[in-house]
There are 2 protein chains.
Amino acid sequence: MKLLHHPDRKDIQLASVLYALSDPIRLYVVSEIRKHGEQACNSFKVPIAKSTLSHHARTLRESGVVHTRAQGTQRILSLREEDLNVRFPGVLDSIIEAYEAGEAAAFVEKSEG
Amino acid sequence: MKLLHHPDRKDIQLASVLYALSDPIRLYVVSEIRKHGEQACNSFKVPIAKSTLSHHARTLRESGVVHTRAQGTQRILSLREEDLNVRFPGVLDSIIEAYEAGEAAAFVEKSEG
DNA sequence: TCAATTGTTCGTAAGTAATCGAACTATTAA
DNA sequence: TTAATAGTTCGATTACTTACGAACAATTGA
């Protein structure tokens, strides 16, 4: 596998982060990570093909929103909260809070409490 | 001219707002309005065709970020700050603050202080 | 070694977005 | 009425996005 590219903190662009967060699937993934901590792609219960999820994970990674590391055959995604908070204070938190307050993903079986 | 459609507050979608704000031109327009108050399209010094600016204004309006009213031949854009703050507290403020703190539009002559 | 699991990459298709210029509408001013 | 100003809409182009399945690669477990 080729090395996964992550932008340096200073190279994270606000517009790119907002774009990455403007998709319902990606918003859901990010909110899940923030709620439950880092996790592998296969833990996200989304109604899309795995190749499509892989694409979304890449979009999140290349925008600087998540960090991806390999663990066995899995790719563990974690939020780059510190980088985002330093660069764009309050942006990630307010977005995720707004998401959780009212925009629960329509495609998720709401059974996780 | 046909009536301009604005979504009701309750129909403003987080993902759509983030998408609207994920473009450098639109981010600039929104930050200008927030800094200097409501203003007409022709006051934005952006290096794009007027038809393109019109498209961006429409994207901002239809996502619920701005309100547009006619005044003579002009279209006055204002920020829907209250609607956005009620629906997504802190989101608009933190985004614009992050933008102004470091993401000044590269296409603008930085002569306004 | 063989199979299962996890994810990536590739090829493709459909849809969407940004952009321009030209033509148009509406308003204001002369 | 005519001209100027401010925007919108249309048609076309180009590029990107999302999506899928198939094929591939890497790791783990039997």
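Numbers restart at 1 for each chain; the letters A, B, ... are given by sequence-line order, proteins then strands. These numbers were taken from a predicted model, which means no experiment stands behind them.
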What nucleotide among [options] has an atom nearest to a side-chain atom of [X]?
X: Gln74(A); options: dT9(D), dT6(C), dG21(D); answer: dT6(C)
X: Ser51(B); options: dG7(C), dT19(C), dC10(D); answer: dC10(D)
X: Thr73(A); options: dA22(C), dT19(C), dA26(D); answer: dA26(D)
X: Ala49(B); options: dG21(C), dC20(D), dT18(D); answer: dG21(C)
X: Asn42(B); options: dA6(D), dT19(C), dT6(C); answer: dA6(D)

Look at all strands and tell whether Ala57(B) reaches a base, only sugar-phosphate, or nothing, counting heavy atoms closer than 4.0 Å.
-> nothing
Under 4.0 Å between any heavy atoms, over every strand shown, what does Ile48(B) touch: base, sugar-phosphate, or nothing? Just pick one.
-> sugar-phosphate
Rounded to whole angstroms, how far apart are [atom1] on [X] and [atom2] on [N]?
X: Ile76(B); N: dT27(C); atom1: CD1; atom2: C1'; result: 13 Å
X: Asp23(B); N: dC16(D); atom1: CG; atom2: P; result: 14 Å
X: Leu4(B); N: dT8(D); atom1: CG; atom2: P; result: 7 Å
X: Arg58(B); N: dT16(C); atom1: CZ; atom2: P; result: 14 Å
X: Leu53(B); N: dA17(C); atom1: CG; atom2: C1'; result: 16 Å
X: His56(A); N: dA19(D); atom1: NE2; atom2: C1'; result: 8 Å
X: Lys50(B); N: dA23(C); atom1: NZ; atom2: P; result: 13 Å
X: Arg69(B); N: dT27(C); atom1: CZ; atom2: P; result: 15 Å

For Asp11(B), the side-chain hydrogen bond (donor to acceptor under 3.5 Å, both in side chains) test, sequence neighbours excluded, returns none
Separation between CZ (Arg69(A)) and CG (Leu4(A)), nearest 0.5 Å, reads 12.0 Å
Does Ser54(A) make a side-chain donor-acceptor contact with the base of dG7(C), cut-off 3.5 Å?
-> no
Sorted by position of nearest nucleotide on DNA chain D, 5' first, the leading residue of Thr52(B) and His55(A) is Thr52(B)
Without hydrogens or angle criteria, can the side chains of His56(B) and Arg26(B) be said to hold a donor-acceptor pair below 3.5 Å?
-> yes
Glu82(B)/Arg9(B) salt bridge by N-O under 4.0 Å criterion = yes
Considering just the side-chain nitrogens and oxygens of Tyr19(B), establish if one lies under 4.0 Å of OP1 or OP2 belonging to dT17(D).
-> no
Reckon Arg75(B) has a side-chain N or O less than 4.0 Å from the OP1 or OP2 of dA26(C)?
-> no
Backbone of Lys10(B) reached by a side-chain donor or acceptor of Arg87(B) within 3.5 Å | yes
